[in-house]
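Structure record follows, encoded as structure tokens.
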Amino acid sequence: MFAVYASAPSPEDPLASLIVGERPEPEVPDGFVAVSVRAASLNMHDLWTLRGVGIKAEQFPMTLGCDGAGVLADGTEVVLHSVIGDPAWIGDETLDPKRTLLTEKYQGTFADTVVVPARNALPKPAGLTFAEAACMGTAWLTAYRMLFVKSGLRPGQTMLVQGASGGVATALIALGRAAGLRVWVTGRTERKRALALELGAHESFESGTRLPERVDGVFETVGDATWSHSMRALKPGGVIVVSGATSGPNPGADLQRLFFLQLRVVGSTMGTRDELADLLRFCETAGIRPRIGAELPMDQAREGFAQILAGETAGKIVFTR
Ligand SMILES: NC(=O)c1ccc[n+]([C@@H]2O[C@H](COP(=O)([O-])OP(=O)(O)OC[C@H]3O[C@@H](n4cnc5c(N)ncnc54)[C@H](OP(=O)(O)O)[C@@H]3O)[C@@H](O)[C@H]2O)c1
């Protein structure tokens, strides 16, 4: 079948191991379903996989793509939850030590067919297109958990999103605005800051700028490049929710500020199946839709990978089949 995959770990030049080609038809184990992929979205995670980060060398070749939406054999339209855990695990799947994300152990969604446990295929809301639904399973679910499960923020408080144009960042802006928070965003270029305002941010600022006042919570996926700004941006008692470290993973902790101002740093990863179901319902009831910055046929996936590698995002990059 057609597939976009990583042939081997390539730490320095991730696109060197990106293959747009053919992979064997997948087998469907008991308890799993085959989903005919209609749309799948690109995440920074796919670049990490090409680099060999978070995946064992023996797992290559690996079909890329953590997110997707498609159709089951009986015609049911579905959205995929890409956290695959131990069937015996009870409770929050993101805490299961044996969990993996699609593309870490199981083959991903950039293909004609993806095979997932039956419980990982949720009904697609009729109001979302396949392309929109394909944005939900990773970036949007991560943003949903960061904001509504981990931050403890409430309507009327001020949130700062570090980064304007990324998948998680654009989701945070839309979700925060819909939930009644005051949404402030930093962006690296004028164009990205304008995008944030268009998506519903109340104000956007150059990265690292001193803000008009301190905020209740900061949402971090950037890491090293923005961390000290995030720490300085917080009110006493404020919270940083962090789910990524694109620019580098070891920011100075600024410990004195952390304890003296009684700040909290909270980690967040993906989200549960129930949270994905709630996110889908929230999108429907609040009328919010993901910003798709680029939509490409899957056989032109290389162009999308080049865009995310260069930081030329304007929302999600979606591949259609
Ligand atoms: N833990 C989890 O479950 C989880 C889930 C999803 C994503 N993540 C992680 O979150 C990160 C973002 O993922 P994504 O898919 O949203 O990526 P993306 O779409 O490529 O977005 C990258 C974002 O990072 C910002 N950025 C990158 N380098 C920066 C720098 N040097 N200075 C300031 N801002 C910078 C960009 O801001 P501008 O708009 O200003 O360019 C943009 O908003 C990745 O590290 C990913 O692995 C983690």
Side-chain angles (χ1 to χ4, degrees), residues 14 40-51 53-55 64-67 81-83 92-95 99-104 134-147 149-150 160-174 184-199 201 204-209 218-230 241-249 251 266-272 275-276 279 290-294 304-318:
S41 78
L42 181 59
N43 288 283
M44 187 64 86
H45 192 91
D46 297 301
L47 279 182
W48 297 129
T49 304
L50 285 163
R51 291 185 199 275
V53 177
I55 177 172
L64 296 162
C66 311
D67 285 332
H81 180 224
S82 60
V83 181
D92 184 332
E93 302 95 309
T94 66
L95 300 179
R99 77 181 191 280
T100 57
L101 195 61
L102 274 181
T103 74
E104 289 174 357
C135 301
M136 294 289 136
T138 297
W140 273 67
L141 178 59
T142 300
Y144 181 92
R145 185 178 175 89
M146 290 172 81
L147 180 54
V149 182
K150 294 290 186 171
L160 175 69
V161 182
Q162 295 285 16
S165 68
V168 179
T170 51
L172 282 164
I173 296 167
W184 288 359
V185 179
T186 65
R188 288 183 290 177
T189 66
E190 188 54 49
R191 189 177 61 80
K192 288 170 186 251
R193 292 190 289 276
L195 172 73
L197 296 176
E198 196 192 311
L199 291 175
S204 65
F205 305 91
E206 282 182 41
S207 306
T209 302
V218 182
F219 293 81
E220 258 289 351
T221 60
V222 180
D224 210 18
T226 51
W227 189 263
S228 75
H229 182 246
S230 296
V241 187
V242 53
S243 72
T246 305
S247 63
V266 178
S268 193
T269 281
M270 298 297 290
T272 65
E275 287 160 11
L276 178 57
L279 164 64
R291 167 58 66 107
I292 296 174
F305 275 87
Q307 286 176 16
I308 199 168
L309 182 62
E312 289 166 6
T313 47
K316 291 290 292 173
I317 297 171
V318 176

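Start at 1 with the first residue, then count along the sequence. Note that ligands are numbered from 1 as they come in the structure, with each ligand's atoms numbered from 1 the same way.
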Please determine if Trp48 has a nitrogen or oxygen closer than 3.5 Å to a nitrogen or oxygen of ligand 1. yes
Main-chain N/O of Leu64 paired with Asp46 side-chain donor or acceptor, under 3.5 Å: no
Who's the nearest protein heavy-atom neighbour of atom 44 (C) of ligand 1, and how far? Thr246 OG1, 3.2 Å
Among non-hydrogen protein atoms, atom 5 (C) of ligand 1 lies closest to Thr142 OG1, 3.1 Å
Please could you name the atoms of ligand 1 that Ala164 approaches to less than 4.0 Å, counting only its heavy atoms? 37 (O), 38 (P), 39 (O), 40 (O), 43 (O)
Show me the pairs that pass salt bridge (charged side-chain N to carboxylate O under 4.0 Å, His left out) and involve residues 137-147, at least two apart or across chains. Asp92-Arg145, Arg145-Glu275
Check whether the side chains of Ser268 and Ser243 place a donor and an acceptor atom closer than 3.5 Å, and report yes or no. no
N or O pair under 3.5 Å between Met44 and ligand 1: yes
Residue part near ligand 1, for Ser268, under 4.0 Å between non-hydrogen atoms: backbone
So, taking the atom named CD1 in Ile292 and the one named CD1 in Ile317, what distance separates them when rounded to the nearest 0.5 Å? 11.0 Å
Kindly say whether Leu42 contributes a backbone atom to a donor-acceptor pair with the side chain of Lys316 at under 3.5 angstrom? yes
Applying side-chain contact (heavy atoms from CB on, under 4.5 Å), run through Leu309 and Leu47 and close with a yes or a no. CA-CA 7 Å; Leu309 182 62; Leu47 279 182; 3.9 Å; yes
Part of Ala225 within contact of ligand 1 (heavy atoms, under 4.0 Å): side chain
For atom 25 (C) of ligand 1, what is the nearest protein heavy atom, given as residue, atom name and distance? Val222 CG2, 3.6 Å
In the protein, what heavy atom is nearest to atom 4 (C) of ligand 1, and what distance, to one decimal place, separates them? Ser243 O, 3.5 Å
What atoms of ligand 1 come closer than 4.0 angstrom to any heavy atom of Lys192? 38 (P), 39 (O), 40 (O), 41 (O)
Contact check: His45 vs ligand 1, nitrogen or oxygen atoms, below 3.5 angstrom: no
Closest non-hydrogen protein atom to atom 19 (O) of ligand 1, residue and atom name please, with distance? Gly167 N, 2.8 Å
Any N or O of Arg188 closer than 3.5 Å to N or O of ligand 1: yes
side-chain contact (heavy atoms from CB on, under 4.5 Å) partner of Leu172, chosen from Tyr144, Trp140, Phe219: Phe219
Examine Thr226 against ligand 1 and note whether any of their N/O atoms are separated by less than 3.5 Å. no
Any heavy atom of Gly187 sitting closer than 4.0 Å to ligand 1? yes
Ignoring hydrogens and geometry, is there a side-chain-to-backbone donor-acceptor pair from Ser82 to Leu101 under 3.5 Å? no
Atoms of ligand 1 under 4.0 Å from any heavy atom of Ile308, numbered from 1 in the order shown, are 20 (O)
Polar side-chain atom of Ser204 near backbone of Val185 as donor-acceptor pair, under 3.5 Å: no
Given 3.5 Å as the limit, does a donor-acceptor pair link the side chain of Thr189 with the main chain of Lys192, or not? yes
If we ignore hydrogens and angles and just use 3.5 Å, is the side chain of Arg193 paired with the main-chain N or O of Gly187 as donor and acceptor? yes
Contacting atoms of ligand 1, where contact means under 4.0 angstrom from a heavy atom of Ser165: 38 (P), 39 (O), 41 (O), 43 (O)
Identify the closest protein heavy atom to atom 42 (C) of ligand 1: which residue and atom is it, and at what distance? Gly166 N, 3.6 Å
Val168 versus ligand 1: do any nitrogen or oxygen atoms come within less than 3.5 Å of each other? yes
Less than 4.5 Å apart, side chain to side chain, heavy atoms only: is that true for Thr246 and Met44? yes
After noting the C-alpha distance and the side-chain angles of Glu93 and His81, does the key distance pass the side-chain contact (heavy atoms from CB on, under 4.5 Å) rule? CA-CA 11 Å; Glu93 302 95 309; His81 180 224; 3.8 Å; yes
Can you confirm, on distance only, whether ligand 1 has an N/O atom lying under 3.5 Å from any N/O atom belonging to Thr186? no
Ser247 N/O under 3.5 Å from ligand 1 N/O: no
Among Gly271, Ala245, Gly163, which one has a heavy atom closest to atom 37 (O) of ligand 1? Gly163
For Met270, is at least one N or O under 3.5 Å away from an N or O on ligand 1? yes
Among Val53, Thr221, Asp46, which residue places a heavy atom closest to atom 10 (O) of ligand 1? Thr221
Can you check whether Ala225's main-chain N or O pairs, donor with acceptor, with Ser247's side chain at less than 3.5 Å? yes
